[in-house]
Amino acid sequence: MERRKFIKVTAVASVVSGLSLTTVKANKTEGSPALIKPKKLSKGDTVGLITPASAVTREAFEKSVENLENFGFRVKYSENMRVKKGFLAGTDKQRLADLHTMFETPEVAGVVCARGGYGSGRLLPHINYDLIRSNPKVLVGYSDITALLFAIHAKTGLVCFHGPVGASEYSDFTTDQFERNLIKGKNKSVIERPGQWDEIEDPVFNLIKINTGTATGRLAGGNLSLIVSVMGTPYDLDFDDKIVFIEDVGESPYRIDRMLTHLLNSGKLHKAKGLALGVFAGCETKPDDPDFSQSLSLREVLEDRLANLNIPVLYGLPIGHIDDNSTLPFGIEAELDVDKAKLTILESGVE
């Protein structure tokens with residue numbers, strides 16, 4: 001890759017610390033670690049921008065910086081921001097070093113992932129979880145970043161945030177969600193289907209009340225493909241008595257069926273209090289799918305796989321690979337009300 005300097009630079013590139021790629025032993029303490037709320041972000045704070053998975057283009061980098069500057073943040077990043085190794089944003093050692101550096105640097109108030117893609121899961125055995133636990137900060141991202149959020153929350157108790165990446169489209173809804181949960185630290189935040197979605201013809205944006213009812217529990221979840229990928233590892237989260245939120249993108253209905261079936265066979269979903277499903281963008285049947293002409297629709301798959309859980313299940317909330325993306329705090333109490341079609345975060349995820 002030609003290492004051209006990005007045109008727009010808003011912070012001096014940090015020097016990556018010489019952290020070795022060592023495997024950190026799994027936490028053997030019984031039970032979940034105590035919940036740790038990071039300090040809320042404020043205008044003027046320095047925010048670290050990292051790429052723990054795939055690399056960003058120069059355009060996506062500049063968009064990430066501009067998005068964060070619009071909140072009044074200063075942006076810090078390392079020389080690794082311009083590195084690419086195949087489908088990864090540099091080597092595992094480089095990406096790990098950026099993660100560690102941002103958490104151990106006192107001037108950095110929070111960490112935002114510039115994009116998802118692929119590669120976060122490769123870092124999980126090597127993360128210094130003690131370092132992160134000792135330096136709790138806001139960490140936000142989604143998609144492939146789900147693996148990182150799962151592992152860090154499981155090992156440290158840190159409230160991590162499933163929300164927009166740096167290069168996301170920050171619609172009015174997404175911006176409001178980011179501000180309410182990470183900057184203002186609102187004690188209560190209601191997430192409902194945006195009214196403007198009524199004008200969208202794509203059926204994946206339709207609201208589906210699969211199982212009615214109301215449930216309360218702590219939040220956990222993320223991208224379905226990544227949730228399945230961490231199962232059976234030391235970095236998985238249990239769904240016991242939780243409100244589980246799930247989204248995915250670009251998967252055919254039969255693949256959604258396969259992943260949901262795997263979760264059902266594991267028994268994880270049966271232990272949840274409720275399921276808050278986002279928008280499964282691009283997950284309708286595709287012409288090259290097996291038995292395309294007889295394929296089940298996304299809706300049919302969701303209803304077939306989830307209706308028998310006997311817990312509240314709602315599809316169509318603003319969560320996922322869409323312009324209007326919610327910011328959801330891991331480990332925080334929330335209420336899912338299917339009849340009113342809303343998810344309410346009941347306490348602040350930051351201090």
Keeping the roles fixed (side chain from Ser326, backbone from Pro318), state whether a donor-acceptor pair exists under 3.5 Å.
yes

Hey, is the main chain of Gly222 close enough, under 3.5 Å, to the side chain of Thr146 for a donor-acceptor pair?
no

How long is the span from the NE2 atom in His153 to the OH atom in Tyr129, to the nearest 0.5 Å?
13.0 Å

When rounded to the nearest 0.5 Å, the distance separating OG of Ser252 from CG of Leu296 is 12.0 Å

Do Lys271's NZ or CZ and the ring of Phe239 fall within the cation-pi criteria of under 6.0 Å and 45°?
no

Correct closest heavy-atom pair for Pro312 and Ala215 would be CG-CB, 3.9 Å

Run the side-chain contact (heavy atoms from CB on, under 4.5 Å) check on Leu139 and Leu149 step by step: do they pass?
CA-CA 8 Å; Leu139 172 65; Leu149 304 180; 4.1 Å; yes

Does Met231 belong to the same Ile/Leu/Val/Met/Phe/Trp/Tyr cluster as Ile152, with side-chain heavy atoms less than 4.5 Å apart forming each link?
yes

Are Val249 and Tyr142 co-members of a hydrophobic cluster defined by side-chain heavy atoms under 4.5 Å apart?
no

Using the rule given for side-chain contact (heavy atoms from CB on, under 4.5 Å), can you reason through Val159 versus Ile332, listing the C-alpha separation, both sets of side-chain angles and the distance that settles it, and then say yes or no?
CA-CA 8 Å; Val159 175; Ile332 296 299; 4.1 Å; yes

Run the side-chain contact (heavy atoms from CB on, under 4.5 Å) check on Asn310 and Asn308 step by step: do they pass?
CA-CA 5 Å; Asn310 295 318; Asn308 292 327; 5.9 Å; no

N-O pairing of Asp240 and Lys273 below 4.0 Å
no

Tyr170: which residues meet the ring pair (Phe, Tyr, Trp, His ring centres under 6.0 Å) condition with it, sequence neighbours left out?
Phe71

Side chain Asn211, main chain Ile311, donor-acceptor under 3.5 Å
yes

Scan for ring-ring contact (aromatic ring centres under 6.0 Å, His included) pairs involving residues 243-290, sequence neighbours excluded, and state none if there are none.
His162-Phe245, Phe245-Phe330, Phe280-Tyr315

Linked hydrophobic residues, Tyr118 as query - side chain contacts closer than 4.5 Å:
Phe87, Leu88

Applying side-chain contact (heavy atoms from CB on, under 4.5 Å), name anything that partners Asp172, two or more places apart in sequence or on another chain.
none

Could you measure the distance from the CG atom of Leu302 to the CZ atom of Arg305? Nearest 0.5 Å is fine.
11.0 Å

For Asn325 and Gly163 the tightest heavy-atom approach is ND2-C, 4.0 Å

State, with a plain yes or no, whether a side-chain heavy atom of Thr156 is found less than 4.5 Å away from one of Pro33.
no

Any Val230 side-chain heavy atom under 4.5 Å of Leu237 side chain:
no

Has the side chain of Gln94 got a donor or acceptor atom that lies under 3.5 Å from a matching backbone atom of Thr91?
yes

Looking at Phe205, is its backbone amide N or carbonyl O close enough to the side chain of Asp202 to form a donor-acceptor pair, meaning the two atoms are under 3.5 Å apart?
no

Any sub-3.5 Å donor-acceptor pair from Lys137's side-chain atoms to Met102's backbone N or O?
yes

Rounded distance (nearest 0.5 Å) linking atom CZ of Arg258 with atom CG of Leu263
12.5 Å

Interatomic distance, CG@Leu226 vs CD1@Ile246, rounded to 0.5 Å, equals 12.5 Å

Would you give the length of the straight line joining atom OG1 of Thr212 to atom NZ of Lys340, rounded to the nearest 0.5 angstrom?
13.5 Å

Near Asp238 CG, under 6.0 Å, is it more than 12 heavy atoms from other residues, nucleotides or ligands?
yes

Glu335 meets the salt bridge (charged side-chain N to carboxylate O under 4.0 Å, His left out) criterion, sequence neighbours left out, with none

Over all atoms of both residues, closest heavy-atom pair of Pro164 and Thr327:
CD-OG1, 3.6 Å

Between Ser42 (side chain only) and Asp45 (backbone N and O only), is there a donor and an acceptor less than 3.5 Å apart?
no

How about NZ on Lys209, more than 12 heavy atoms from neighbouring residues, nucleotides or ligands closer than 6.0 Å, or not?
yes

With the threshold set at 4.0 Å, does a side-chain nitrogen-carboxylate oxygen contact exist between Asp337 and Lys342?
no

Ignoring hydrogens and geometry, is there a side-chain-to-backbone donor-acceptor pair from Ser171 to Asp323 under 3.5 Å?
yes

If only atom types and distance count, is the side chain of Thr344 paired as donor or acceptor with the main-chain N or O of Leu346 below 3.5 Å?
no

Is any NZ, NE, NH1 or NH2 atom of the basic residue among Asp236 and Lys268 found under 4.0 Å from an Asp or Glu carboxylate oxygen of the other?
yes

Between Met81 and Val56, the two heavy atoms sitting closest are SD-CG2, 3.9 Å

Asp144 and Ser120: side-chain donor and acceptor closer than 3.5 Å?
yes

Let me know which of Pro329, Pro38, Pro136 forms a side chain to side chain contact (heavy atoms under 4.5 Å, CB included) with Val350.
Pro38

Give the cluster check for Val165 versus Val83: same hydrophobic cluster or not, with ILVMFWY residues linked at side-chain heavy-atom distances below 4.5 Å.
no

For the student: nearest non-hydrogen atoms of Asn128 and His100, plus distance:
N-NE2, 2.9 Å

Would you mind checking if Glu169 and Lys63 are paired as a salt bridge, meaning a charged N to carboxylate O distance below 4.0 Å?
yes

Distance-only side-chain donor-acceptor flag, Trp197 / Asn206, under 3.5 Å
no

Checking side-chain polar atoms at under 3.5 Å, does Asn223 have a donor or acceptor matched by the opposite partner on Glu247?
yes

Heavy atoms only: give me the nearest Ser229-Thr233 pair and the separation to one decimal.
O-CG2, 4.3 Å

Is it true that a side-chain atom of Arg95 and a backbone atom of Gly119 form a donor plus acceptor pair closer than 3.5 Å?
yes

Going through the distances and angles, do Leu343 and Ile243 end up as a side-chain contact (heavy atoms from CB on, under 4.5 Å)?
CA-CA 9 Å; Leu343 176 66; Ile243 301 298; 4.0 Å; yes

With Glu199 via salt bridge (charged side-chain N to carboxylate O under 4.0 Å, His left out) - residues at least two apart
none

Could you check Ile50, Asp98, Thr51 and say which one makes a side chain to side chain contact (heavy atoms under 4.5 Å, CB included) with Asn80?
Asp98

Going by atom types only, do Asp248 and Ser225 share a side-chain donor-acceptor pair under 3.5 Å?
yes

Check the hydrophobic clustering (I, L, V, M, F, W, Y; side-chain heavy atoms under 4.5 Å; chains of links allowed) and say if Leu207 and Val204 are grouped together.
yes

